[in-house]
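In what follows, a single structure is set out as structure tokens and then discussed.
Proteins get letters first, then strands, A, B, ... in listed order; numbering begins at 1 in each. Just so it is clear, the model here is predicted, and its values are computed rather than measured.
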Amino acid sequence: MKRLINSRFIFAIPALVFLFIFVLLPIFSIFVMSFFSWDLLNPPKFAGWSNFARLLEDKWFWNSIWVSIKLLIMTVPLCFFIPLALAVCLYRETTSSKILRAFFYWPYMMPAVAGTTMFKWLLSYDLGLLNYILKSLGFSPVAWLLKPTPALFAISLLRTWGMTGLLMMMFITGLQSVPEEFHEAARVDGANRWQTFWYVTFPLLKNTNLLVLTTAIAHVFRDFAGVYVLTGGGPGYSTMVTPLYIYSTAFTQWRIGYAYAMSVVFLLISFVIAVLTLRARER
Amino acid sequence: MKWVKWVLLLAMLLSISVMASKIKLVVWCGGGTEREGLEAAIAEYKKQNPDVDFELVDVPYAQYEQKVRLGIMSGDLPDLVTITYPYAPGYMQYMIDLRPYIQKYLGITPEKYLDAMYDVAAVRIVDTNGEIRYVPLHFTMQCLWVNADYFKKAQVPFPPFGGRSDPWTWEEFVEVLRKVKQANNLPYAMSMQRTAERLFNYLGIRGVKILDENLDFTLDKDPRAKKVLEEFVNLFKENLMVPAEWIAAQDPNMAFTGGLTAVLWAGSWSTLDLLKAEKNFVPAYLPKDVEWLSCEGGRFFGAFKTGKKDREEAAAKFALWVGWKNLGYDIYLKKTYHMSAYEEHEVDYDREIMKQVQAVCGRLAEVTPNWVVTVRNSTIYSRLQTPIVNQISAVIAGQISLDEAIKNLRKEYDKLVAELGGKK
Amino acid sequence: MAKYIKWLFLIVMLFLYMLPVYYSIASSFKSLKEIYSYPPTIFPKNPTLQGYREALQKQDMITYLRNTLFVASIATVITVLICVMGGYGLAKGTFIGKLALNRLVVLTLFVTAQVIMVPLFVIIRRLGLINNLWGLILPAVYTPTGMFTAIQYMKDIPDEFLESAKIDGASEWTIFWKIVFPLSKPLVAALAIFSFTWRWNDFVLPLLVVNRRSLYTLQLALAVIQGEYGGVPWNTILAFSTMTIIPTLIIFLLFQRFFMRGITAGGLKY
């Protein structure tokens, strides 16, 4: 006797309630409230399309999107090849591998704010260790955090440092599922290690590669804590990524309705990235 | 044996009435040394007034406005509150008028009360109707701090305690910076925190007002404004000032205590922190150019209108006590190493340097005209502070031109006037 | 030859990756004079606990620690409960829209606090949970990733176990507690560890919800003192920072395999 709903469903209800209130409702209200203007003290006023009109003209918003793209271009290659290299070195289940893996994984476990603070301390232009090392080696000090490109690069490094653990483990899982026979076959055919890797193993990792790629993109695009603490969007607006710009519009200028409109765009882009990630995962 | 019952009943009634008449005042304050200062003052006050009890609640500086906003909306207000000067004008309407209590508890007229303090402090506590809404708690003035050892090595005197009594002109000052930097082989000359207040002070000294007395925006109208701002920006280009401080908001204490700069543009509040560095740091006059002035600041203490008469009176009594010289004020100042808001008020600090701070900053307080206070009191100025800092920081970072920055600020200004419905 | 390259590479990378951590910890033991001195020192010359004392007393770290512990523990308990129950209900239940709801969970995997910052704040405010530690707990107990993992795990439990119990006349409630829950120990452990770590590390949610200093969490306080008007010295900041990473480090060391294996459990990738 099949019932339409069996009582097991009840177990899911608490989770669904939270899902509704704290996930679905916000998403829904982003779309609705973007048509209003609001500053929290007075009731919201209907504003039609004006928020979106303002959005099209707001050069700082599009700047933030462009900054996010620049950041992605800088970070994703680092986030791909460095974890890959580490994974290749550490995918065998030896004790030393396991120990080293833990060291590289640790930054991923660290709270974002604490990790960023550590980076900030290293990057001080006059008193920081990094510039001191560079000067001692004969290079000129880098104007970390003082000029746009070094600042973006600093964020790139920070993100890569933070994400290596996760991505490295993804690669390791992938590498471990490639049967040894493939390597043997290629070796027998006379290929050396380098060729074996790039022409045999790497293509076999297609799924993992996609997964790593999309995960990296998703994390970099959403990053808030790192940028907030490291640069606060500066110098000027050169590292003002979109979530940071939305935050400052909503909570320092109190232009809530407009912030909703920006959130619409941000949400849609995040959604697209998420769908791509899911496709990669399903493979 | 019946009388035992009566005695017990009487004792009960007495204790209930004592408890009932024991008023508990809720105080919102900033944490850290301010809280310690208040606690010390309260301890003394309770000895003299055992029928009053206190509860101190911490409110962080950055969250102040929102908390008070929410408190006003929900009616959940404390009896007393310390309030930093930017927020003080906006909340005056919610504070009780202290004038009736001044005669009663301090034994002087309100006029005498205001006369006893520096003009710039008095302006801060009086509202447009002449009502006195706050007492000064700690009062601050911007001033320079110099690394006396560096100046000695460069053989450059500094005012007033370094062999020169008159302040420098701006031109002299820049030369001094160059000389001290070179003589000590420093990477930079002066540290300054990235705030609109510092910039306002600099511009004011050079004769440029961001907002004039009518609260009109002047940076695009004043023919000197652009040049004066350019000179400011050039200080960074010449490495006389520290780019990291205005581009990446680096803490100016870092470079100054680290010995990378010889001068710190800060104020009377820096004393405690600078003492910790154990270096030969001495306060000095700000330069005098077109004008000689300094920006005051600090925290004030006020009592909210709660509608409960006896609590309001108890709150007013305490506020006046803690804010008046030679009463609670001295206890507070000694604990917090702040300067006094009262002219010719000798506080018995346990550190020599505070005398110098009081001398330097007191003089600066005397010479500062009132418009410095009234302009900065306005809502427009307080809302413009962040855009000003962001724009100038972007100029120093080479991201936008000065013309663009001024244009952007004009746009912000116009938007604000429209939003606020006038120049307030 | 290749072996030497590999080890050289690993050592260089290890050095680079651990440098920020080492240097921060070393610097946290410097005195105020030393920390701003130039050239920077790799080992503190006169190690001192000045920074730690300031962080604990002046910067009120104990309060923040209490808050963070409270939030993290309670949120973990609730998260485990609703995710395990929810995973069970969504994986093993029969109802209209089962497929749709499962899809919905997957679809909302990307919705983290940063994405819905503004409405999340508004909703929390409406619920009266601003400046309330529960405002840091309740919005965070539903984690898309946790839910997804739970569903995947539950799917793997063979239906026969449940059917045979049902034939024996057990009620749904008993089935859950006597059979499913004990079988879910790995899931519970993983969820508990991840949830505690996530809540400990949370930044965006506290930034939105809490502005009363006495309610700050550790990470929020660490961020705030860096922007402080008064200028908190770096030895204090780094001491603070070092202390905040200790608990997650301990958890990591004890439960390494959960974190690193988490990937293969099929879901904990966000």
Carefully, step by step, assess A:Leu278 and C:Leu107 under the rule side-chain contact (heavy atoms from CB on, under 4.5 Å).
CA-CA 8 Å; A:Leu278 280 173; C:Leu107 223 50; 4.3 Å; yes
Tell me, with the steps shown, if C:Val122 and A:Trp38 meet side-chain contact (heavy atoms from CB on, under 4.5 Å).
CA-CA 11 Å; C:Val122 171; A:Trp38 197 15; 3.8 Å; yes
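Ring geometry for C:Phe121 against A:Phe251 counts as perpendicular: the plane angle is over 60°, on a 0 to 90° scale with 30° as the lower cut. The aromatic rings of C:Trp173 and A:Phe11 lie parallel to each other, with less than 30° between the two planes, well short of the 60° mark.
When side chains are defined from C-beta on, A:Thr117 does not count as touching C:Phe240, because their heavy atoms never get closer than 4.5 Å. The shortest distance between side-chain heavy atoms of A:Trp106 and C:Ile245 falls below 4.5 Å. Considering only heavy atoms from C-beta on, C:Tyr142 stays 4.5 Å or farther from A:Val17 through its side chain.
Note that CZ of C:Phe176 is 12.5 Å distant from CD1 of A:Ile10, once rounded to the nearest 0.5 Å. Rounding to the nearest 0.5 Å gives a distance of 12.5 Å between CD of C:Gln114 and OH of A:Tyr247. Atom CD1 of C:Ile35 is separated from atom CG of A:Leu127 by 9.5 Å, given to the nearest 0.5 angstrom. Atom CZ of C:Phe110 is separated from atom CZ of A:Phe221 by 11.0 Å, given to the nearest 0.5 angstrom. Distance check, rounded to the nearest 0.5 Å: CD1 of A:Ile21 to CD1 of C:Ile123 gives 8.5 Å. To the nearest 0.5 Å, the span separating CE on A:Met110 from OG1 on C:Thr248 amounts to 7.5 Å.
Of all the listed residues (C:Val106, C:Ile124, C:Ile175, C:Ile237), the one sharing the greatest number of non-hydrogen pairs under 4.5 Å with chain A is C:Val106. Across C:Lys98, C:Met147, C:Met13, the residue that shares the most heavy-atom pairs under 4.5 angstrom with chain A is C:Met13. Interface remark: of the candidates A:Met262, A:Met118, A:Lys135, A:Met118 forms the most heavy-atom pairs closer than 4.5 Å to chain C. Comparing A:Val275, A:Ile256, A:Val113 by how many heavy-atom pairs each has under 4.5 Å with chain C, the most go to A:Val113. Considering only heavy-atom pairs separated by less than 4.5 Å from chain A, the leading option among C:Leu208, C:Ile42, C:Asp202, C:Leu81 is C:Leu208. When A:Leu86, A:Ile27, A:Leu16, A:Asp223 are compared by the number of non-hydrogen pairs under 4.5 Å with chain C, A:Leu86 comes out ahead. Per-residue counts of heavy-atom pairs under 4.5 Å with chain A were compared for C:Gly89, C:Ser241, C:Pro40; the largest is that of C:Pro40. In terms of heavy-atom pairs under 4.5 angstrom with chain A, the leader among C:Pro20, C:Ser27, C:Pro144, C:Ala91 is C:Pro20. With respect to chain C, the highest number of heavy-atom pairs below 4.5 Å among A:Thr242, A:Thr164, A:Leu244 belongs to A:Thr164. No other option in C:Val21, C:Val204, C:Leu104 has as many heavy-atom pairs under 4.5 Å with chain A as C:Val21.
The contact between A:Ser29 and chain C is made entirely by side chain atoms (from C-beta outward), counting heavy-atom distances below 4.5 Å. Of the atoms belonging to A:Ala250, it is side-chain heavy atoms, and not backbone ones, that fall under 4.5 Å from chain C. With a 4.5 Å cut-off on non-hydrogen atoms, C:Leu101 touches chain A through its side chain but not through its backbone. At a 4.5 Å heavy-atom cutoff, the contact between A:Leu25 and chain C is made by backbone and side-chain atoms alike. Looking at A:Phe28, there are no atoms closer than 4.5 Å to chain C (heavy atoms on both sides), in backbone or side chain. With a threshold of 4.5 angstrom between heavy atoms, C:Ser37 approaches chain A through N, CA, C or O but not through any side-chain atom. For C:Val118, the parts sitting under 4.5 Å from any heavy atom of chain A are the backbone and the side chain alike. Only the side chain of A:Leu90 comes within contact range of chain C, with heavy atoms under 4.5 Å apart. With a 4.5 Å cut-off on non-hydrogen atoms, C:Phe9 touches chain A through its side chain but not through its backbone. Residue contact with chain A, scored on non-hydrogen atoms closer than 4.5 Å, involves the side chain of C:Leu238 exclusively. For a residue to count as touching a neighbouring chain, one of its non-hydrogen atoms must lie under 4.5 Å from one of that chain's; by this rule A:Ser96 touches chain C with the side chain only.
Contact detail for C:Pro119 and A:Ile30: the closest heavy-atom pair is CG-CG1, 3.3 Å. Between C:Thr244 and A:Pro111, the shortest heavy-atom distance links the atoms O-CG, 4.5 Å. The minimum heavy-atom distance between C:Leu14 and A:Phe104, with the atom names listed, is N-CZ, 3.6 Å. A:Pro243 and C:Met117 get closest at one heavy-atom pair: O-CE, 3.2 Å. Between A:Ala114 and C:Gln219, the shortest heavy-atom contact is N-OE1, 3.5 Å. Between A:Cys89 and C:Lys6 the shortest heavy-atom distance is O-NZ, 3.4 Å.
Formation of a donor-acceptor pair under 3.5 Å by the C:Trp234 side chain with backbone atoms of A:Trp121 is not found in this model. Judged by distance alone, the side chain of C:Asn201 and the main-chain N or O of A:Ala112 form no donor-acceptor pair under 3.5 Å.
With a 6.0 Å radius and a threshold of 12 heavy atoms from other residues, nucleotides or ligands, A:Phe20 has its CZ atom at or below the threshold.
Residue A:Phe22 is tested with C:Leu138, C:Val111, C:Ile116 for a side-chain contact (heavy atoms from CB on, under 4.5 Å); the sole match is C:Leu138.
Between C:Tyr17 and A:Phe103, the distance from one ring center to the other does not fall under 6.0 angstrom.
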